[in-house]
Amino acid sequence: MTKTAKDRLNPVRSILVSQPRPGDERSPYFQLAEKYKLKIDFRPFIQVEPVTIKDFRKQKIDILKHTAVIFTSRNAIDHFFTICKELKIEMPTDMKYFCISEQTAHYLQKYIVIRKRKLFVGQKTASDLFDYFKKHKSEKYLFPCSDIRKDDIPEYLEKMGIAYTEAVIYNTVAADLSDLRDIKYDVLAFFSPSGIRSLKHNFPDFEQNNTRIAAFGPTTAKEVLDQGLILDIEAPMPNAPSMTGALELYIKKANNL
């Protein structure tokens, strides 16, 4: 009989987080590792590759015909301004920028002098920007993104009849994980459907056995199940809004603490 998440509560000693190692040594992951004497490693399961200028030109996008740019990540900022540099495009001073978060807006300073520009900043999610889009419906938006992206922003702009152009400026691909083939972890933590697909891409014959899988967000959780895997740990939850919080609750049960 197939085991379910409930009867898989074996002790947790090691966790692989499918993201880069945090730069802040005060990260909750390090606190979790120290508190419960865990081995926690970090390894991105996906990587981004820039779109070539040749492929960008195939999209037939005139950047300067737009009056506003939407940024949802640092990757988008880096690859967008790299393309501008290669095309010898200088962004006009009256260009408006809509950033998904304060962190993204702060990173934008790497390329422009923010105090001289019109900037609109959300709290954390795309929906935070919707009110700004509504107030600035007459803008012609450019949305630099990956070939794999969420639908929320394009769907909202279309629903509101707001002019926008989607520009694919980088591709999200599976990272090479071949060196992990013979390494086992008690828990694998994922944050996107792409991470799950990377696991299956690298290890087509992957057998979950006693490996627990943690997923952040409903689309990631759905991908776990769609791939025929058992979802043991899900975040965010009302009692665990973060991945580390969900992991800690599980560890307490699994390790009888």
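Numbers for residues simply follow the sequence, beginning at 1.
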Peer 1: Please report the C-alpha distance between Leu249 and Met237 in whole Å, then the side-chain angles of each, then the deciding distance to 0.1 Å, and finally whether the side-chain contact (heavy atoms from CB on, under 4.5 Å) criterion is met.
Peer 2: CA-CA 11 Å; Leu249 287 179; Met237 298 294 277; over 6 Å; no
Peer 1: Of all the heavy-atom pairs spanning Phe45 and Gly195, show the shortest one and how long it is.
Peer 2: CD2-O, 3.7 Å
Peer 1: Determine, for Asp152 against Lys150, whether the closest basic-nitrogen to carboxylate-oxygen distance falls under 4.0 angstrom.
Peer 2: no
Peer 1: Applying the ring pair (Phe, Tyr, Trp, His ring centres under 6.0 Å) test to Phe98, which of Phe120, Phe143, Phe71 qualifies?
Peer 2: Phe120
Peer 1: Under a plain distance cut-off of 3.5 Å, with no hydrogens placed, do Asn75 and Ser73 share a side-chain donor-acceptor pair?
Peer 2: no
Peer 1: Under 30°, 30 to 60°, or over 60°: which ring-plane class applies to Phe133 and Phe130, parallel, tilted or perpendicular?
Peer 2: tilted
Peer 1: If we check side chain to side chain contact (heavy atoms under 4.5 Å, CB included) with Phe190, which of these qualifies: Ile213, Val17, Leu231?
Peer 2: Ile213
Peer 1: Are Leu16 and Ile183 side-chain neighbours, meaning at least one heavy-atom pair lies under 4.5 Å?
Peer 2: no
Peer 1: Glu223 and Gln227: side-chain contact (heavy atoms from CB on, under 4.5 Å), yes or no, with the steps?
Peer 2: CA-CA 6 Å; Glu223 187 67 26; Gln227 293 287 353; 2.9 Å; yes
Peer 1: Would you mind reporting whether Glu166 and Pro154 have side-chain heavy atoms less than 4.5 Å apart?
Peer 2: yes
Peer 1: Applying side-chain hydrogen bond (donor to acceptor under 3.5 Å, both in side chains) between Tyr164 and each of Glu158, Lys140, His66, report the one that passes.
Peer 2: Glu158
Peer 1: Any chain of hydrophobic side-chain contacts (each under 4.5 Å) joining Ile162 to Ile63?
Peer 2: no
Peer 1: Stepwise, does the side chain to side chain donor-acceptor pair (under 3.5 Å) test hold for Asp41 with Tyr185?
Peer 2: CA-CA 9 Å; Asp41 292 334; Tyr185 289 88; 2.6 Å; yes
Peer 1: Hydrophobic clusters here meaning ILVMFWY residues chained together by side-chain heavy-atom distances under 4.5 Å, can you tell me if Ile77 and Phe56 are in one?
Peer 2: yes
Peer 1: When rounded to the nearest 0.5 angstrom, what distance separates CG in Asn171 from NE2 in His79?
Peer 2: 9.5 Å
Peer 1: Of all heavy-atom pairs between Cys99 and Leu129, which one has the smallest distance, and what is that distance?
Peer 2: O-CD2, 3.3 Å
Peer 1: Can you get from Val121 to Leu142 by hopping between Ile, Leu, Val, Met, Phe, Trp and Tyr side chains that sit under 4.5 Å apart?
Peer 2: yes
Peer 1: So, are Asp151 and Arg149 salt-bridged, with charged N and O less than 4.0 Å apart?
Peer 2: yes
Peer 1: After noting the C-alpha distance and the side-chain angles of Ile233 and Leu247, does the key distance pass the side-chain contact (heavy atoms from CB on, under 4.5 Å) rule?
Peer 2: CA-CA 7 Å; Ile233 306 162; Leu247 287 170; 4.0 Å; yes
Peer 1: Got a sec: does the CD of Glu86 have more than 12 other heavy atoms crowding it under 6.0 Å?
Peer 2: yes
Peer 1: Tell me, do Ile46 and Ile148 make a side-chain contact under 4.5 Å, heavy atoms counted?
Peer 2: no
Peer 1: May I have the step-by-step check of salt bridge (charged side-chain N to carboxylate O under 4.0 Å, His left out) for Lys39 and Asp186, ending in yes or no?
Peer 2: CA-CA 10 Å; Lys39 169 185 168 66; Asp186 295 323; over 6 Å; no
Peer 1: How many angstroms lie between NZ in Lys253 and CD in Glu248, if you round to the nearest 0.5 Å?
Peer 2: 13.0 Å
Peer 1: How about Glu25: does its CD atom have over 12 heavy atoms from other parts shown lying under 6.0 Å from it?
Peer 2: yes
Peer 1: Mind checking whether Thr211 and Leu188 have side chains closer than 4.5 Å, heavy atoms only?
Peer 2: yes
Peer 1: I need the Tyr170 OH to Ile83 CD1 distance, nearest 0.5 Å.
Peer 2: 11.5 Å
Peer 1: Taking 4.0 angstrom as the limit, do Asp232 and Arg8 come out as a salt bridge?
Peer 2: yes
Peer 1: Measure from the side-chain N and O atoms of Thr72 to the backbone N and O of Ile100, and report whether any donor-acceptor pair falls under 3.5 Å.
Peer 2: no
Peer 1: Going by heavy atoms in the side chains, are Leu87 and Arg57 under 4.5 Å from each other?
Peer 2: yes
Peer 1: Any side-chain heavy atom of Phe30 within less than 4.5 Å of one from Pro22?
Peer 2: yes
Peer 1: Would you call Asp226-Lys200 a salt bridge at under 4.0 Å N-O?
Peer 2: no
Peer 1: Quick check for you: to the nearest 0.5 Å, what is the distance between Glu34 atom CD and Ile40 atom CD1?
Peer 2: 11.0 Å
Peer 1: Would you confirm whether Arg13, through its side chain, and Pro11, through its main-chain N or O, come within 3.5 Å as a donor-acceptor pair?
Peer 2: no
Peer 1: Where the side chain of Gln59 meets the backbone of Val168, is there a donor-acceptor pair that is under 3.5 Å apart?
Peer 2: yes
Peer 1: I need the minimum non-hydrogen distance between Pro241 and Phe216, along with the two atoms involved.
Peer 2: O-CE1, 3.8 Å
Peer 1: Would you check if Leu225 and Ile230 make a side-chain contact, meaning some heavy-atom pair closer than 4.5 Å?
Peer 2: no
Peer 1: State the CG-NE2 distance between Asp176 and His201, to the nearest 0.5 angstrom.
Peer 2: 8.0 Å
Peer 1: Measure across Met243 and Ala215 and return the closest heavy-atom pair with its distance rounded to 0.1 Å.
Peer 2: CE-C, 3.9 Å
Peer 1: Check Asp78 with Lys110, please: is the shortest side-chain N to carboxylate O separation under 4.0 Å?
Peer 2: yes
Peer 1: Out of curiosity, Met95 CE to Glu90 CD, how far, rounded to the nearest 0.5 Å?
Peer 2: 11.5 Å
Peer 1: Please give me the minimum heavy-atom distance between Gly217 and Pro236, naming the atom from each residue.
Peer 2: N-CD, 3.9 Å
Peer 1: Do Arg212 side-chain atoms and Asn10 backbone N/O form a donor-acceptor pair below 3.5 Å?
Peer 2: yes
Peer 1: Output, in order, the C-alpha distance, side-chain angles, deciding distance and verdict of side-chain contact (heavy atoms from CB on, under 4.5 Å) for Phe42 and Tyr29.
Peer 2: CA-CA 10 Å; Phe42 301 88; Tyr29 286 106; 3.7 Å; yes
Peer 1: Without swapping roles, check the side chain of Asn202 against the backbone of Ala175 for a donor-acceptor pair under 3.5 Å.
Peer 2: yes
Peer 1: Do Ser146 and Thr172 have side-chain N/O donor and acceptor atoms under 3.5 Å apart?
Peer 2: yes
Peer 1: Give a yes or no answer on whether the side chain of Thr220 reaches the backbone of Ser192 with a donor-acceptor pair at less than 3.5 Å.
Peer 2: yes
Peer 1: Let me check something: do Ile89 and Tyr141 share a hydrophobic cluster, defined by ILVMFWY side-chain heavy atoms less than 4.5 Å apart, either directly or through other members?
Peer 2: no
Peer 1: Under 4.0 Å between a Lys/Arg side-chain N and an Asp/Glu carboxylate O for Asp55 and Lys58?
Peer 2: yes
Peer 1: Do Val173 and Leu199 belong to the same hydrophobic cluster, where Ile, Leu, Val, Met, Phe, Trp and Tyr are linked whenever their side-chain heavy atoms lie under 4.5 Å apart, directly or via other members?
Peer 2: no
Peer 1: Specify the closest pair of heavy atoms between Gly122 and Tyr132, including all atoms of both residues, with the distance to one decimal.
Peer 2: N-CE1, 4.5 Å
Peer 1: Quick one: are Ile70 and Ile153 in side-chain contact, heavy atoms under 4.5 Å?
Peer 2: yes
